[in-house]
**Student:** 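I have a structure I would like to understand better, so I am pasting it below and will then ask my questions one at a time.
Side-chain atoms are counted along with the backbone in the values below, which use heavy atoms only and exclude waters and symmetry mates. Everything quoted here is computed from the prediction, not taken from an experiment. The sequence lines fix the lettering, A, B, ..., with proteins before strands; numbering per chain opens at 1.
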Amino acid sequence: MAFGKGNHLHLIDGSAFIFRAYHALPPLTRKSDGMPVGAVAGFCNLLWSELTATRKETAPTHLAVIFDAGSITFRNAIYDQYKANRPELPEDLRPQFIYTRKATTAFNVACIEQDGYEADDIIATFARRAREAGGTVTIISSDKDLMQLVGDGVDMLDPMKNKRLGVDEVIEKFGVKPNRVVDVQALAGDSVDNVPGAPGIGIKTAALLIEEYGDLETLLARAGEIKQPKRREALVDNAELIRISKRLVQLDDDMPLDVSLDALEVKPVEAEPVMAFLHEMEFTTLTKRVSERLKVAAPVAAAVNVPEAEDAPQAEQLPFDVAGYEKIDTMAALDRWIARITEVGHVAVDTETTSLNEMLAELVGISLCVDAGQAAYIPLGHKQGGGDLFGSSELVAGQLPLDDVLAALKPVLEDAAILKIGQNMKYDWKIFARYGVEIAPLDDTMLMSSAMQAGLNGHGMDALSEKYLGHTCIPIKSLLGSGKAQITFDRVGIDDAVKYAAEDADVTLRLWQLFKPQLHRARVTTVYETLERPLVPVLARMEMAGVQVDRDTLSRMSNAFAQKMAGLEAEIQEVAGVPFNVGSPKQLGEILFDKLALPGGEKGKTGAYATGADVLEDLATEHKLPGLVLDWRQLSKLKSTYTDALQDHINPDTGRVHTSYSITGAVTGRLASTDPNLQNIPIRSEEGRRIREAFVAPKGKVLVSLDYSQIELRILAHVAEIPSLQQAFKDGIDIHALTASEMFNVPLAEMTSDIRRRAKAINFGVIYGISGFGLARNLRIPRAEAQGFIDRYFERFPGIKEYMSDTVAFAQKNGFVQTLFGRKIHTPEINAKGPGAGFAKRAAINAPIQGTAADVIRRAMIRMPAAIADLPAKMLLQVHDELLFEVEEAAVEALIKVAKDVMEGASHPAVHLKVPLTVEAGVGATWAAAH
DNA sequence: GCTCTCACG
DNA sequence: GACGTACGTGAGAGCA
């Protein structure tokens, strides 16, 4: 029988059900594998109570659950900022969406969604059709956006309050009848959905205006008549925006929808599928309830297999066997592999090259793995030699031509439908990029491990293989040897190379299979997907860009340092009375404390005297020698580490210095820079700072440095909830002076630099997990005095102490701490006895602050390439709270504006800090000048 | 390969 | 009551 008069249609707003269920319930997980199921459970309960509700007068004859298919709809084409403010989905919610669909089907209810349209549009369309056919409609939702549909046979039902919403309730809410609701919404806008509306006009005013003028178009046409100047301007100036807003809130009740009303007829719940689903979800209570109602036996709960440790389960292992490894030396074999990769949709990839330096390395071979235990190696650049000192430049016969293989693999490596899996993918990404291939999309087992296990273990492949697969990888040294006799991979015999390289791909694939489901369980999917993985191409491009370093400047400095050092050395020998190696702390200690018998010599664990800068500074008042050594040391450091070593890092092809950033180098989430380290180029001393003059921009370009001001202290003010510090940051007040003023009761106007310096030391101390001893040493004051400062600080800012003890307690309970963005840093030593616990406590206090700052700049970096794509500018370096750009002179201002916005807004929309983040800009021909 | 020292945030 | 402490890194030089 066709839908018509006497029929009653119930439309359930599925997405609203899900969110409601998610927020109403604790984060339940499925016992057997830890999959989050809280929202699914709540959804099923809501759905079940709808199905069994006893509202006789409105019992449905037809029923459907309507879902949102995705986040992009036709409204995004009308207004690209639509719903742009939406916070990111909780990571344990997204994977549950699919199960809410399955649940709906299992309960034998029609499950409807359509790409490009919101659930609300589908509801509007069904409602209109049902009315036209002569039936009535109840929308199960309390969403105000659906209220425009109410009236004339359509009503709403708030499922939580079990309250009917009719025309009267809509008028109560919007001040107008349902048919004018969209006009009011268009004027008032909606901050949640980011519908602009008219500024300064809310629902009340909007309703008043619509009441007076009848409808929106009339109102806009006669806006000039409005007496209140502000309202008049708001409407006149924003007429177009208001019209756009109306198109955003107006539901489409005539969208293409090829499901007939008849298909929605209520069907009895069938026991078998629903019991199977509930059993699969392991919902014991609901299973029981449903089985009782349907008068069927509940399935017996199978013994669930709970893994031992949430974070480190052991996978069932297939043995490693070289018999499963294949050499690819024909195009036919390669084509077979490509077919298999395309069929499965993912592949583990690894490259073998001649060097660890990606900018110099040449491709020697590629390994692939699709199914655990079966991997292949494509030798491409193996050469004769080994025994021969020089080897031969001739390729070993039987290898496929590099160009042919790359041409065949490029479509696979760049195919959006094929996931490329690697261990430390940034390396392989750069290698392939140099051969014209840009890998995407990708997964990286090293980054997965880091997201889950930061602070617990390393993330190198050999360590991961041992830990998770119980398999010891073939050591690379067994192929290359070590020391002087070390060879490069292109000199390794192909048979050995196959075993080694194929194993790498095999291990990587197995790790990926193991890690993928664990990410969810450890609640770090969002961290991995938004803070780790997207960094790979961003950093790869920065590293490949490099920074121009002027060799002559460095070389001149080296010479000057060498001369000065020679002079100092002679003077030191003379003062010491004996010749000795100034660079040897051991010899220096013996001279200072034995020969010259200076006071305070302390021997460390190894029995050597400590001769660090702090010790020598204290001794400088006693004798001439320590001061001279300090001067010599400074020059020696500058020369060896910077002016000499940097020259060796200038790439002969590009003339630039290409560092390598380690994404997993620091447990807190900071990057680390190696080969060379460009994150510790001198700046604090005047002499050292000049080294930055060697970092230059090419002709016609300049360097722009953008750095976050006091980012860690701002984050501290936010997380520890210190209102006075938050306000100070909002007002742009000197934060150290303010701290000093609060602590020592000195008015800001009378602040001295010494008092401010002490407050600054305390502020930093807090970030590091302050101790009386540490502060005393830093400020060179008695320990009791330092402790007094700290006590007073905690008195003035009680939130800080609370933050510190809460953080330590959290770490002790959970074994990790978290950043505001959810990054986990494990603290395995936190419950240890002895001094280790002290270290762990301070690290636990520091990690959320340092880590959150690291997350913020990561987010900025990830968004930066798209933001500056139209500018002649490149992001070159990151130094923890600073980004360095190279930009054409004409575009400096444009770059600063865009990049500054990205950096200052980097926490949004995931986190809304209670303090502003501010970024300071510097421009110059050299890095020194850009500061 | 380990230790010390020192450069940075 | 002593222990030993500011947090996070990487690199060069000396020394065994």
**Student:** Determine the interatomic distance between P on dC6(B) and the same-named atom on dA2(C); round to the nearest Å.
**Tutor:**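 Those two atoms are separated by 30 Å.
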
**Student:** So which nucleotide from dG14(C), dG10(C), dG8(C) ends up closest to the side chain of Thr668(A)?
**Tutor:**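 Comparing dG14(C), dG10(C), dG8(C) against the side chain of Thr668(A), the answer is dG8(C).
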
**Student:** Is there a donor and acceptor pair, one atom on the side chain of Arg842(A) and one on the base of dT5(C), closer than 3.5 Å?
**Tutor:**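 Answer is yes: a donor-acceptor pair is held.
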
**Student:** Need one value for Ile683(A): base, sugar-phosphate or nothing, where a base atom within 4.0 Å counts as base even if backbone is also close, heavy atoms only.
**Tutor:**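 Sugar-phosphate: the residue Ile683(A), judged by heavy atoms under 4.0 Å, touches backbone atoms but no base.
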
**Student:** Only one of Lys637(A), Lys639(A), Arg692(A), Lys564(A) forms a salt bridge (charged side-chain N to carboxylate O under 4.0 Å, His left out) with Glu687(A), so which one is it?
**Tutor:**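 When Lys637(A), Lys639(A), Arg692(A), Lys564(A) are each tested with Glu687(A), the salt bridge (charged side-chain N to carboxylate O under 4.0 Å, His left out) holds only for Lys564(A).
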
**Student:** Is any side-chain nitrogen or oxygen of Ser685(A) closer than 4.0 Å to OP1 or OP2 of dA7(B)?
**Tutor:**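 The answer is no; no side-chain N or O of Ser685(A) sits under 4.0 Å from OP1 or OP2.
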
**Student:** Return yes if some donor-acceptor pair links the side-chain N/O of Tyr803(A) with the main-chain N/O of Ile845(A) below 3.5 Å, else return no.
**Tutor:**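 Looks like yes, one N/O pair under 3.5 Å.
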
**Student:** What contact category does Ala854(A) fall into here, base, sugar-phosphate, or nothing, at under 4.0 angstrom with non-hydrogen atoms?
**Tutor:**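 Result for Ala854(A) = nothing.
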
**Student:** For Met542(A), run the side chain to side chain contact (heavy atoms under 4.5 Å, CB included) check against Lys874(A), His658(A), Met861(A) and tell me which one passes.
**Tutor:**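 Going through Lys874(A), His658(A), Met861(A) one by one, the side chain to side chain contact (heavy atoms under 4.5 Å, CB included) with Met542(A) is satisfied by Met861(A) alone.
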
**Student:** Among dA11(C), dT5(C), dG9(B), find the nucleotide with the atom closest to the side chain of Gln850(A).
**Tutor:**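 The answer is dG9(B), which lies nearest to the side chain.
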
**Student:** Would you indicate which nucleotide in dA7(B), dG8(C), dT5(C) comes nearest to any side-chain atom of Asn680(A)?
**Tutor:**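 Side chain of Asn680(A) sits closest to dA7(B).
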
**Student:** Among the nucleotides dA13(C), dC6(B), dG9(B), which one has an atom lying closest to any side-chain atom of Arg633(A)?
**Tutor:**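 The answer is dC6(B).
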
**Student:** Give a yes or no on this: more than 12 heavy atoms of other residues, nucleotides or ligands lie within 6.0 Å of atom CD of Gln563(A).
**Tutor:**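 12 or below, so no.
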
**Student:** Does Thr918(A) offer a backbone N or O that forms a donor-acceptor pair with the side chain of Ser709(A) under 3.5 Å?
**Tutor:**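 Here the side-chain-to-backbone pair does not exist.
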
**Student:** Would you tell me if any nitrogen or oxygen in the side chain of Thr606(A) comes within less than 4.0 Å of OP1 or OP2 on dC4(B)?
**Tutor:**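 Result: yes.
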
**Student:** Base, sugar-phosphate, or nothing for Gly838(A), non-hydrogen atoms under 4.0 angstrom?
**Tutor:**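 The residue Gly838(A) makes no contact with any strand.
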
**Student:** If you compare all heavy atoms of Ala811(A) against all heavy atoms of Ala844(A), which two are closest, and at what distance to 0.1 Å?
**Tutor:**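 The pair with the smallest heavy-atom distance is CB-CB, 4.2 Å.
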
**Student:** Rounded to whole angstroms, how far apart are CD on Gln787(A) and P on dG4(C)?
**Tutor:**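 To the nearest whole Å, that distance equals 20 Å.
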
**Student:** If you assign Gly774(A) and Pro676(A) each to the DNA chain C nucleotide with the nearest heavy atom, which residue ends up on the more 5' nucleotide?
**Tutor:**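 Nearer the 5' end of the strand: Gly774(A).
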
**Student:** Got a donor-acceptor pair under 3.5 Å from the side chain of Arg684(A) to the base of dG9(B)?
**Tutor:**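 Side chain to base: pair present.
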
**Student:** Pairing check on dC3(C): which nucleotide meets the Watson-Crick or G-U wobble criteria with it, both distances under 3.5 Å?
**Tutor:**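 Looking at the geometry, dC3(C) pairs with no nucleotide.
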
**Student:** What integer distance in Å separates Arg670(A):CZ from dC7(C):P?
**Tutor:**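 In whole Å, dC7(C) P and Arg670(A) CZ are 13 Å from each other.
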
**Student:** Taking Ser805(A) for the side chain and Glu802(A) for the main chain, is one N or O donor matched with an acceptor at less than 3.5 Å?
**Tutor:**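 Indeed, once roles are kept as given, a pair shorter than 3.5 Å links the two residues.
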
**Student:** Consider the side chain of Lys586(A), meaning its heavy atoms from C-beta on, and name the nucleotide among dG8(C), dG14(C), dA16(C) that approaches it most closely.
**Tutor:**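 Taking heavy atoms from C-beta onward, the closest nucleotide is dA16(C).
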
**Student:** Name the nucleic acid region contacted by Ser662(A), choosing base, sugar-phosphate or nothing; use a 4.0 angstrom heavy-atom cut-off, strictly under.
**Tutor:**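 Here Ser662(A) touches no strand at all.
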
**Student:** Rounded to the nearest angstrom, tell me the gap between atom CG in Asn581(A) and atom C1' in dG12(C).
**Tutor:**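 These atoms are roughly 13 Å apart.
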
**Student:** Does Ala645(A) reach a base, just sugar-phosphate, or nothing at all? Heavy atoms under 4.0 Å.
**Tutor:**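 Ala645(A): backbone/sugar contact only, no base atoms under 4.0 Å.
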
**Student:** How close or far is atom P of dG9(B) from atom NE2 of His931(A), stated in whole angstroms?
**Tutor:**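 Going from NE2 in His931(A) over to P in dG9(B) covers 7 Å.
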
**Student:** Which part of the nucleic acid, if any, lies within contact of Gly769(A), taking any heavy atom under 4.0 Å across all strands shown: a base, the sugar-phosphate backbone alone, or nothing?
**Tutor:**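 Gly769(A): no heavy atom of the nucleic acid under 4.0 Å.
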
**Student:** Using the P atoms only, state how far dA6(C) lies from dT5(B), rounded to an integer number of Å.
**Tutor:**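 Nearest-Å result for dT5(B) against dA6(C) at atom P: 13 Å.
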
**Student:** Taking only N and O in the side chain of Asn846(A), is any of them less than 4.0 Å away from OP1 or OP2 of dA6(C)?
**Tutor:**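 The answer is no; no side-chain N or O of Asn846(A) sits under 4.0 Å from OP1 or OP2.
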
**Student:** Could you give the CD1-to-C1' distance, from Ile849(A) to dT9(C), as a whole number of Å?
**Tutor:**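 Answer to the nearest Å: 18 Å.
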
**Student:** Counting just side-chain N and O atoms, does Gln587(A) come under 4.0 Å of either OP1 or OP2 of dC15(C)?
**Tutor:**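 Indeed, a polar side-chain atom of Gln587(A) lies that close.
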
**Student:** In whole angstrom, give the distance that lies between atom CG of Leu635(A) and atom P of dT5(B).
**Tutor:**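 Atom-to-atom, Leu635(A) to dT5(B), this comes out as 18 Å.
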
**Student:** Does Ala761(A) reach a base, just sugar-phosphate, or nothing at all? Heavy atoms under 4.0 Å.
**Tutor:**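 Base, at least one base heavy atom under 4.0 Å.
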
**Student:** Which part of the nucleic acid does Leu638(A) contact within heavy-atom distance under 4.0 Å: base, sugar-phosphate only, or nothing?
**Tutor:**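 Nothing: the residue Leu638(A), judged by heavy atoms under 4.0 Å, touches no strand.
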
**Student:** Between Arg670(A) and Glu712(A), does any side-chain N to carboxylate O distance fall below 4.0 Å?
**Tutor:**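 Yes, charged N to carboxylate O under 4.0 Å.
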
**Student:** Between the main-chain N or O of Ala576(A) and the side-chain N or O of Lys595(A), is there a donor-acceptor pair closer than 3.5 Å?
**Tutor:**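 Pair found, side chain donor or acceptor close to backbone of Ala576(A).
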
**Student:** Under 4.0 Å: is that the gap between some side-chain N or O of Arg777(A) and OP1 or OP2 of dT5(C)?
**Tutor:**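 Indeed not, no polar side-chain atom of Arg777(A) lies that close.
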
**Student:** Ser636(A) side chain N/O closer than 4.0 Å to the phosphate oxygens (OP1, OP2) of dG12(C)?
**Tutor:**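 For dG12(C), neither OP1 nor OP2 has a side-chain N or O of Ser636(A) closer than 4.0 Å.
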
**Student:** Looking at the side chain of Tyr642(A), which of dA7(B), dA6(C), dG4(C) is the nearest nucleotide?
**Tutor:**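 So the nucleotide nearest the side chain must be dA7(B).
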
**Student:** Classify the nucleic acid contact of Ala613(A) as base, sugar-phosphate or nothing, counting any heavy atom under 4.0 Å across all strands shown.
**Tutor:**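 Ala613(A): backbone/sugar contact only, no base atoms under 4.0 Å.
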
**Student:** What's the closest nucleotide to the Leu775(A) side chain, out of dT5(B), dA6(C), dG4(C)?
**Tutor:**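 Selected nucleotide (nearest to the side chain): dA6(C).
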
**Student:** Could you tell me whether Ile767(A) contacts a base, only the sugar-phosphate backbone, or nothing, with contacts defined as non-hydrogen atoms closer than 4.0 Å?
**Tutor:**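 Contact class for Ile767(A): none.
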
**Student:** Which nucleotide, dC6(B), dT5(C), dC8(B), lies nearest any side-chain atom of Pro682(A)?
**Tutor:**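 Taking heavy atoms from C-beta onward, the closest nucleotide is dC8(B).
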
**Student:** What's the CG-P distance between Leu588(A) and dC15(C), to the nearest Å?
**Tutor:**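 The answer, rounded to whole Å, is 11 Å.
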
**Student:** Side chain of Ser771(A) only, heavy atoms from C-beta on: which candidate in dC6(B), dC15(C), dT5(C) is closest?
**Tutor:**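 Taking heavy atoms from C-beta onward, the closest nucleotide is dT5(C).
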
**Student:** Using atom P in both nucleotides, what's the gap between dT3(B) and dG4(C) to the nearest angstrom?
**Tutor:**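 About 16 Å, rounded to a whole number of Å.
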
**Student:** Starting from P on dC7(C), measure out to CD on Gln679(A) and report it in whole angstrom.
**Tutor:**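 After rounding, the reported distance stands at 19 Å.
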
**Student:** By nearest atom, which of the nucleotides dA7(B), dA6(C), dG8(C) is closest to the Phe773(A) side chain?
**Tutor:**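 Nearest nucleotide to the side chain: dA6(C).
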
**Student:** What is the nucleic acid contact for Arg689(A), judged by heavy atoms within less than 4.0 Å: base, sugar-phosphate only, or nothing?
**Tutor:**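 Arg689(A): no heavy atom of the nucleic acid under 4.0 Å.
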
**Student:** Pick base, sugar-phosphate or nothing for Phe839(A), based on heavy-atom distances below 4.0 Å to the nucleic acid.
**Tutor:**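 Sugar-phosphate contact only.
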
